[in-house]
Amino acid sequence: MFTRTIDCTLKPEKKQEFIDILRNEVFPFYKKQAGFVDLVTMISDEHPNHAFVIAVWKERSQADYFYSKNAPLVDTLKPFLTRQEVEHFFVETSTAFPTAAGKAA
């Protein structure tokens, strides 16, 4: 399993619109992609404009292919953000997703 995470700060007046677009446009599109597993969006309890989004993929190559071909879809979220940091991780342990030993670089 492989994840792409986005740690971001939302524009306060755009928070609900950001969530609605994720639910109604982004998530349905992701669900149709080969290798896609899940999209988890978390909003901080202490800092309501702080969001953390995790896209889970079966393999890194599938995620890389998706993001190389669908950058405009990902860019649709940028107007809602004041800051974003993207990172990539291999899933080493999980009770929700199958993992294989030795996948991390």
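These values consider heavy atoms only, across backbone and side chains, with no hydrogens, waters or symmetry-generated copies.
Contact check for Glu59 versus Asp64: no side-chain heavy atoms found under the 4.5 Å cut-off. For the pair Gln33/Gln62, no side-chain contact is recorded, criterion being any heavy-atom separation below 4.5 Å from C-beta on. Between Ile6 and Phe52 the shortest side-chain heavy-atom distance does not fall below 4.5 Å. Side-chain contact between Leu77 and Val26 is present, with at least one heavy-atom pair separated by less than 4.5 Å.
Taking the six-membered ring where tryptophan is involved, the planes of Phe36 and Trp57 are perpendicular, since the angle between them exceeds 60° and thus also 30°.
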One pair to check against side chain to side chain contact (heavy atoms under 4.5 Å, CB included): Ile54 and Leu39. What are the steps and the verdict? CA-CA 6 Å; Ile54 304 170; Leu39 185 66; over 6 Å; no
Before you tell me yes or no, could you show the steps for Glu25 and Thr76 under side chain to side chain contact (heavy atoms under 4.5 Å, CB included), namely the whole-Å CA-CA distance, both residues' side-chain angles and the distance that decides it to 0.1 Å? CA-CA 10 Å; Glu25 295 178 33; Thr76 63; 5.8 Å; no
Using side chain to side chain contact (heavy atoms under 4.5 Å, CB included), reason through Val40 and Val53 one step at a time and then give a plain yes or no. CA-CA 6 Å; Val40 179; Val53 182; over 6 Å; no
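Evaluation of the salt bridge (Lys or Arg N to Asp or Glu O under 4.0 Å) rule for Arg4 yields no partner, not counting sequence neighbours. With sequence neighbours left out, the side chain to side chain contact (heavy atoms under 4.5 Å, CB included) criterion links Thr93 to no other residue. Remark: Phe2 pairs with His88, Phe90 by the ring pair (Phe, Tyr, Trp, His ring centres under 6.0 Å) rule, at least two apart or across chains. Here Asp38 pairs with nothing under the salt bridge (Lys or Arg N to Asp or Glu O under 4.0 Å) rule; sequence neighbours left out. Lys32 pairs by the side-chain hydrogen bond (donor to acceptor under 3.5 Å, both in side chains) definition with nothing, not counting sequence neighbours.
Enclosure of atom OH in Tyr65 is not indicated, since only 12 or fewer non-hydrogen atoms of other residues, nucleotides or ligands lie within 6.0 angstrom.
In terms of hydrophobic clustering, with Ile, Leu, Val, Met, Phe, Trp and Tyr side chains grouped at heavy-atom distances under 4.5 Å, Phe89 and Val56 are assigned to different clusters.
Counting only distance, with no hydrogens or angles, the side chain of Ser94 and the backbone of Ala96 share a donor-acceptor pair below 3.5 Å.
The two residues Tyr67 and Ala55 have their closest heavy-atom pair at OH-CB, 3.3 Å.
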Could you go through residues 7-24 and list every donor-acceptor pair under 3.5 Å that involves a side-chain atom there, pairing it with any protein atom two or more places apart or in another chain?
unit_1 : atom_1 : unit_2 : atom_2 : d
Asp7   : OD1    : His50  : NE2    : 2.5
Asp7   : OD1    : Arg83  : NH2    : 3.2
Thr9   : OG1    : Arg83  : NE     : 3.0
Thr9   : OG1    : Arg83  : NH2    : 3.3
Lys11  : NZ     : Pro79  : O      : 3.0
Lys15  : NZ     : Pro48  : O      : 3.2
Gln16  : NE2    : Asp20  : OD1    : 2.9
Asn24  : ND2    : Asp20  : O      : 3.1

